[in-house]
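Every chain is numbered from 1 and lettered A, B, ... according to where its sequence line falls, protein lines coming before strand lines.
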Protein chains: 2
Amino acid sequence: MSDVSERAYHHGRLRSALLDAAMRTVREGGVDQLSLRELAREVGVSHAAPRRHFPDRQALLDALAVAGFERLDNRLRTATADGAEDFTSRLKATVAAYIRFATEDAALLELMFTGKHRPGADQVMAAAVPSFTLMYEQIAQGQAAGELAPGDVEQLGIVLFATMQGIATLINGDMVKPELLDDLVDRAVEQFVRGARPAPPEMP
Amino acid sequence: MSDVSERAYHHGRLRSALLDAAMRTVREGGVDQLSLRELAREVGVSHAAPRRHFPDRQALLDALAVAGFERLDNRLRTATADGAEDFTSRLKATVAAYIRFATEDAALLELMFTGKHRPGADQVMAAAVPSFTLMYEQIAQGQAAGELAPGDVEQLGIVLFATMQGIATLINGDMVKPELLDDLVDRAVEQFVRGARPAPPEMP
DNA sequence: CTACTCTGTTGTCAATGCCAACATCGCTTA
DNA sequence: TAAGCGATGTTGGCATTGACAACAGAGTAG
């Protein structure tokens, strides 16, 4: 308790302060921009202080990635919860939320998925699980509602997730004109649903 | 003319030698591993020599990305050409080739798509065009063959490309078990084709 | 032969990540 | 309460790196 901060020869909140500052830097300037020493300066500690909380730079990046996945998961879940009851609409809401996150926090997303997690980044992988699970759940619901054909939920979910991630990468990498984005998302979802829906179309 | 190298106070092939060595390093150790000075040492020139060919580190990375896209495009085209005549099979061959490239050269792929291209990386973007075009062509052929419904070729192609790229990212990021890969690719393609095929199924 | 331009070399600088030795705070325990 | 101790910061230092400036060799054109 005490947002007085500023003082405290032991700072008290160094770890989270570092994470906050790092998050800001990464969002603004990208991962390469991030320097432990500069970070220490911003927070007002000595250049070796961060070492007590993050053994090396990579550890900080991993922690950032984990935090990123938590934020992403929150975004996805609220978007999903707020979405319409209609299956496809809700799915679109989820995907749209993902893409929004991805474009707003491009550098963070890159950090999250990029192979920068050296072995031992189990935490990073684990942090991604909830969001994957959310996709699986949505797929399962779609199947239960008869909108999707029954089948391996995981595989389907991964394909959908991959498509989202891929679109984000393409947009962030300037390989696709941003104007196309909205249509692209709609189309991708529709196309996904159409490709996975039950076989027999109709029979009036 | 003269693979003698070793001598030549002016080396003669410095630029391509640097690119080769850099490509090797990136493939083996990742982008972060790449150091201009180390590179110069490997090639046997002074630490400032690379500067004559690449103004800064980023320029080297961009050049590497361009070279990467060229390699990717070659792989895709030979795979496509060698593929069966059947539309779906050929598409699968293309996608499989993409994924193979992506998993074998994970670090390179990352370099290619990652937003590391600061403004002015028109070359990088341009280098990606041929591969996108290949996808568009395939889509168009599928439509001509009646396997896909007519519609915007670009949007469809981008969705497919994104799906490939996304799967690659997920695999390279260890977010998906490698055992799933083959099934995943097959499923993704089939699902794509099913989702984009002409509406009226049959009418006996 | 001279001047000019590539291409490569030497020397230097500031910044960075990591490490070791030292300092300080707060909590535990006798 | 006081000694002790571990967690948290600090100072100083080292090797590496990317970038830059000044210089040198080598080929070329006049």
Side-chain angles (χ1 to χ4, degrees), chain A residues 1-2 4-22 24-26 28-65 107 111 116-121, chain B residues 1-22 24-26 28-65 107 111 116-118 120-121:
Chain A
M1 342 283 157
S2 82
V4 200
S5 40
E6 214 45 282
R7 294 286 134 238
Y9 301 73
H10 260 57
H11 195 293
R13 300 177 178 286
L14 222 203
R15 186 186 159 94
S16 70
L18 286 172
L19 277 177
D20 287 355
R24 218 178 325 122
T25 303
V26 167
E28 291 171 3
V31 181
D32 298 339
Q33 182 74 23
L34 191 70
S35 145
L36 290 182
R37 289 174 106 108
E38 172 61 25
L39 216 56
R41 262 170 246 135
E42 286 177 26
V43 178
V45 295
S46 73
H47 69 262
R51 190 167 170 56
R52 296 291 169 207
H53 300 272
F54 306 99
D56 59 12
R57 195 183 123 106
Q58 189 55 48
L60 210 206
L61 295 185
D62 285 353
L64 271 185
L111 176 61
K116 293 219 176 297
H117 339 302
R118 293 287 169 194
Chain B
M1 336 308 144
S2 83
D3 38 341
V4 199
S5 38
E6 214 47 280
R7 293 288 133 238
Y9 302 73
H10 262 54
H11 193 293
R13 300 177 180 283
L14 223 203
R15 186 189 158 94
S16 70
L18 286 172
L19 276 178
D20 287 354
R24 218 179 324 122
T25 302
V26 167
E28 291 171 2
V31 180
D32 297 340
Q33 183 73 23
L34 192 70
S35 145
L36 290 182
R37 289 174 105 107
E38 172 61 26
L39 216 57
R41 263 170 245 135
E42 286 176 27
V43 178
V45 294
S46 72
H47 68 263
R51 190 165 169 59
R52 295 290 169 208
H53 301 273
F54 306 99
D56 58 12
R57 193 184 126 105
Q58 189 54 49
L60 210 205
L61 295 185
D62 285 353
L64 272 185
L111 177 60
K116 293 218 177 299
H117 338 303
R118 293 286 169 193

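Atoms CZ (A/R15) and P (D/dG9) sit 12 Å apart, rounded to a whole Å. Look at CZ on A/F54: it is 13 Å from P on C/dC18, rounded to the nearest Å. In this structure, CD of B/E42 is placed 15 Å from C1' of D/dT17, rounded to the nearest angstrom. Atom P of nucleotide D/dA19 and atom CG of B/L60 are separated by 10 Å, given to the nearest angstrom. Rounded to whole Å, the distance from CG on B/L18 to P on D/dG18 is 13 Å. Following rounding to the nearest Å, A/R57 (CZ) and C/dT16 (C1') show an atom-to-atom distance of 10 Å. For B/D32 and C/dG17, the CG to P distance is 12 Å, given to the nearest whole Å.
The listed nucleotides are C/dG17, D/dT17, D/dA19; the one nearest the side chain of B/L36 is D/dA19. For A/A48, whose side chain is taken as the heavy atoms from C-beta onward, the closest listed nucleotide among D/dG18, C/dT10, D/dG12 is D/dG12. Looking at the side chain of A/L14, the nearest of the listed nucleotides C/dG11, D/dG9, C/dC18 is D/dG9.
In this structure, A/R52 reaches the bases: a heavy-atom distance under 4.0 Å links it to at least one base atom across the strands shown. Using a 4.0 Å heavy-atom cutoff across all strands shown, B/L34 reaches sugar-phosphate atoms only and no base atom.
Residues B/A22 and B/L64 approach most closely at CB-CD1, 3.9 Å, considering heavy atoms. Nearest heavy atoms, A/V31 versus A/A107: CG2-O, 4.1 Å.
When the side-chain nitrogen and oxygen atoms of A/R51 are compared with OP1 and OP2 of C/dC19, one or more of them lie within a distance under 4.0 Å. Considering only side-chain N and O atoms, A/S35 lies nowhere under 4.0 angstrom from the phosphate OP1 or OP2 of C/dA15. At least one side-chain nitrogen or oxygen of A/R41 sits closer than 4.0 Å to the OP1 or OP2 atom of C/dT16.
Between A/L14 atom CG and A/H53 atom NE2 the span is 4.5 Å, to the nearest 0.5 Å.
For B/R37 against D/dG18, a side-chain-to-base donor-acceptor contact under 3.5 Å is present. Under 3.5 Å, the side chain of A/H53 and the base of D/dG9 form no donor-acceptor pair of N or O atoms.
Using a 4.5 Å heavy-atom threshold, the side chains of A/L36 and A/R51 count as separate. The shortest distance between side-chain heavy atoms of A/F54 and A/L19 falls below 4.5 Å.
Along DNA chain C, the nucleotide closest to B/A49 and the one closest to A/H47 are compared, and the more 5′ of them pairs with B/A49.
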